[in-house]
*Asks:* 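One structure, pasted below without further comment.
These figures come from a predicted structure and were not determined experimentally. For the numbers below, each heavy atom of this structure counts, side chains included, while hydrogens, waters and symmetry mates do not.
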Amino acid sequence: MWNWISTLEQCQREHRPVALITVIETSGSTPRDSGARMVVFPDGTTKGTIGGGRVESQAVQDAL
């Protein structure tokens, strides 16, 4: 399991903008539970996952 807090701290030290995506609620069968997190960098790369698929893709686009 990766440490998302360390990732954000490092980005802050480097003055590197990022977006943090957090799943706050789920319904039915989902690949990840509430609390899943993913960091999105300005170039579109990510660290972590909120479950993949169309929802994750849309979340990345929204973050950018």
*Asks:* Taking side-chain contact (heavy atoms from CB on, under 4.5 Å) as the test, write out the residues that go with Q10, two or more places apart.
*Replies:* R13, E14

*Asks:* Quick one: list whatever passes side chain to side chain donor-acceptor pair (under 3.5 Å) with T22, sequence neighbours left out.
*Replies:* none

*Asks:* Measure across F41 and T7 and return the closest heavy-atom pair with its distance rounded to 0.1 Å.
*Replies:* CZ-CG2, 4.1 Å

*Asks:* Hydrophobic cluster membership, with links at side-chain heavy-atom distances under 4.5 Å among I/L/V/M/F/W/Y: are I21 and I24 in one?
*Replies:* no

*Asks:* For D43, give me all partners under side chain to side chain donor-acceptor pair (under 3.5 Å), at least two apart in sequence or on another chain.
*Replies:* T45

*Asks:* Under 4.5 Å between any side-chain heavy atoms of M38 and V40, yes or no?
*Replies:* yes

*Asks:* Considering residues at least two apart in sequence or located in another chain, which fulfil the side chain to side chain donor-acceptor pair (under 3.5 Å) criterion with E25?
*Replies:* none

*Asks:* Could you work out, with side chain to side chain donor-acceptor pair (under 3.5 Å) as the rule, every residue matching E9, not counting sequence neighbours?
*Replies:* none

*Asks:* Can V18 and L8 be said to form a side chain to side chain contact (heavy atoms under 4.5 Å, CB included), step by step?
*Replies:* CA-CA 8 Å; V18 295; L8 294 181; 3.6 Å; yes

*Asks:* Under 3.5 Å, which donor-acceptor pairs link side chains of residues 51-61 to any protein atom two or more places apart or in another chain?
*Replies:*
residue, atom, partner, partner atom, Å
E56, OE1, T49, OG1, 2.6
E56, OE1, I50, N, 2.9
E56, OE1, G51, N, 3.2
E56, OE1, G52, N, 2.9
Q58, NE2, D62, OD1, 2.8

*Asks:* Give, for atom CD1 of I5 and atom CZ of R37, the distance between the pair rounded to the nearest 0.5 Å.
*Replies:* 7.5 Å

*Asks:* For V23 and D33: C-alpha separation, side-chain torsions, deciding distance, then whether side chain to side chain contact (heavy atoms under 4.5 Å, CB included) applies.
*Replies:* CA-CA 7 Å; V23 175; D33 293 325; over 6 Å; no

